[in-house]
Amino acid sequence: MSAFPSPPPSPRRARGGISDGGEERLRFFDRLVKNMCWAKAEIVPGRHPERWRKDSAGNIVCKRFCNCQGCLCFEYDHIVPFSKGGESTVENCQILQTRVNRYKSNRDEVDKTLLKGYSCDVNFTDRELDVIEMAVYGDVIRPGKACRCRSVAEMLGNFKATNRMPPCKIE
């Protein structure tokens with residue numbers, strides 16, 4: 001017998017679902033729904049669509065910055081809030097900048113211009129997005145343009161890269 005007693009089983013809600021007359025509603029979006037939700041979001045012109053999208057308020061967000069705080073961060077949001085019967089389906093999913101999603105909370109039918117008013121008031125230049133993408137992914141991929149990050153050893157001349165992709169010249 002263990003010196004520590006086993007914790008009691010978690011209630012259904014804590015595991016991410018609510019039981020409605022014997023049927024469990026899933027609270028969170030699964031990976032497939034998230035992928036489809038990302039795919040249906042507006043593409044950022046001139047940016048790699050698997051890395052960058054626009055949220056429902058028109059804010060640019062980065063796929064690597066999911067569930068964090070910041071101007072390029074986002075969350076998967078229930079259009080019709082879960083608390084008001086909204087399901088965790090692709091039809092009821094949208095990406096929203098974290099700050100905007102926190103404002104929206106459990107409201108439904110919020111006007112897009114109102115959502116935009118709660119967005120971070122930062123507009124990144126292409127060069128700034130390139131630097132962020134380089135830091136996050138190690139390379140920059142844009143339609144018609146791709147480059148990779150050089151290692152310190154390569155910059156010092158101690159290493160010759162075998163990767164045929166040219167190094168970026170971000171200064």
Side-chain angles (χ1 to χ4, degrees), residues 16 26-79 81-82 86 88-107 110-171:
L26 296 178
R27 170 70 176 97
F28 302 103
F29 299 107
D30 65 28
R31 184 179 306 195
L32 178 62
V33 170
K34 287 179 179 179
N35 288 339
M36 292 169 61
C37 184
W38 180 265
K40 76 176 187 174
E42 184 181 346
I43 292 173
V44 178
R47 293 275 154 203
H48 193 285
E50 286 303 312
R51 296 178 175 185
W52 303 95
R53 292 290 174 142
K54 286 189 179 182
D55 75 353
S56 295
N59 301 300
I60 294 176
V61 296
C62 178
K63 191 166 190 177
R64 286 264 174 101
F65 297 153
C66 184
N67 296 324
C68 62
Q69 303 291 323
C71 292
L72 294 171
C73 299
F74 75 99
E75 296 175 332
Y76 292 95
D77 171 61
H78 288 86
I79 298 167
F82 184 80
S88 299
T89 62
V90 71
E91 298 81 17
N92 194 40
C93 183
Q94 64 183 347
I95 59 173
L96 279 180
Q97 189 181 72
T98 302
R99 177 182 172 136
V100 176
N101 193 35
R102 299 302 161 142
Y103 160 74
K104 180 184 175 273
S105 186
N106 70 338
R107 297 176 185 92
V110 179
D111 183 71
K112 302 238 188 248
T113 56
L114 191 58
L115 288 178
K116 185 68 177 168
Y118 286 92
S119 302
C120 289
D121 191 25
V122 176
N123 293 313
F124 294 94
T125 65
D126 277 339
R127 186 173 201 72
E128 290 168 334
L129 290 177
D130 284 347
V131 171
I132 292 166
E133 187 170 347
M134 180 65 72
V136 172
Y137 291 99
D139 60 10
V140 176
I141 301 175
R142 295 175 68 188
K145 176 184 171 191
C147 62
R148 63 178 171 77
C149 186
R150 291 188 295 173
S151 68
V152 173
E154 185 180 358
M155 288 191 293
L156 295 174
N158 299 335
F159 174 76
K160 183 165 172 79
T162 57
N163 189 332
R164 297 177 92 102
M165 189 184 304
C168 284
K169 294 179 181 163
I170 297 174
E171 298 167 6

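Side-chain atoms are counted along with the backbone in the values below, which use heavy atoms only and exclude waters and symmetry mates.
In this structure the side chain of Phe74 reaches within 4.5 angstrom of the side chain of Ile95, judged on heavy atoms. Taking the side chain as every heavy atom from C-beta outward, Phe65 and Val136 approach each other to under 4.5 Å. Looking only at side-chain heavy atoms (C-beta outward), Leu114 and Tyr103 come within less than 4.5 Å of each other. For the pair Ile60/Phe124, no side-chain contact is recorded, criterion being any heavy-atom separation below 4.5 Å from C-beta on. At least one side-chain heavy atom of Trp52 sits under 4.5 Å from a side-chain heavy atom of Leu72. Side-chain contact between Phe28 and Ser88: absent, with no pair of heavy atoms (C-beta onward) separated by less than 4.5 Å. At a threshold of 4.5 Å between non-hydrogen side-chain atoms, the residues Tyr137 and Cys62 count as touching.
Distance alone, capped at 3.5 Å, places no donor-acceptor pair between the Lys34 side chain and the Cys93 backbone. Judged by distance alone, with hydrogens and angles left aside, the side-chain atoms of Lys63 form no donor-acceptor pair with the main-chain N or O of Arg53 at under 3.5 Å. For the pair Asp77 (side chain) and Asn101 (backbone), a donor-acceptor distance under 3.5 Å is absent. Under a 3.5 Å cut-off, the side chain of Gln69 and the backbone N or O of Thr98 do not form any donor-acceptor pair.
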**Message:** side-chain contact (heavy atoms from CB on, under 4.5 Å) for Ser119 and Arg99? Distances and angles first, verdict last.
**Reply:** CA-CA 6 Å; Ser119 302; Arg99 177 182 172 136; over 6 Å; no
**Message:** If you apply the rule side-chain contact (heavy atoms from CB on, under 4.5 Å), what do you find for Val100 with Glu75, and how did you get there?
**Reply:** CA-CA 9 Å; Val100 176; Glu75 296 175 332; over 6 Å; no
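The minimum heavy-atom distance between Leu96 and Gln94, with the atom names listed, is CD1-NE2, 3.8 Å. Minimum heavy-atom separation, Cys37 to Val90: N-CG2, 3.8 Å.
One finds the CD1 atom of Ile43 at 9.0 Å from the CD atom of Glu50 (value rounded to the nearest 0.5 Å). Atom OG of Ser56 sits about 4.5 Å away from atom NZ of Lys112, to the nearest 0.5 Å. With values rounded to the nearest 0.5 angstrom, Gln97 atom CD is found 6.0 Å from Asp55 atom CG.
Annotation: Trp38 is not in aromatic contact with Phe29 [ring centroid separation under 6.0 Å not met].
The SG atoms of Cys73 and Cys66 do not sit under 2.5 Å apart.
With respect to the salt-bridge test (charged N to carboxylate O, under 4.0 angstrom), the residues Arg47 and Glu133 qualify. Salt-bridge check for Asp139 with Arg51: passed, with a basic side-chain N closer than 4.0 Å to an acidic carboxylate O.
For CG of Asp111, the number of neighbouring non-hydrogen atoms (other residues, nucleotides, ligands) closer than 6.0 Å is greater than 12.
For Glu91, the side chain to side chain donor-acceptor pair (under 3.5 Å) partners two or more places apart in sequence, or in a different chain, are Thr89.
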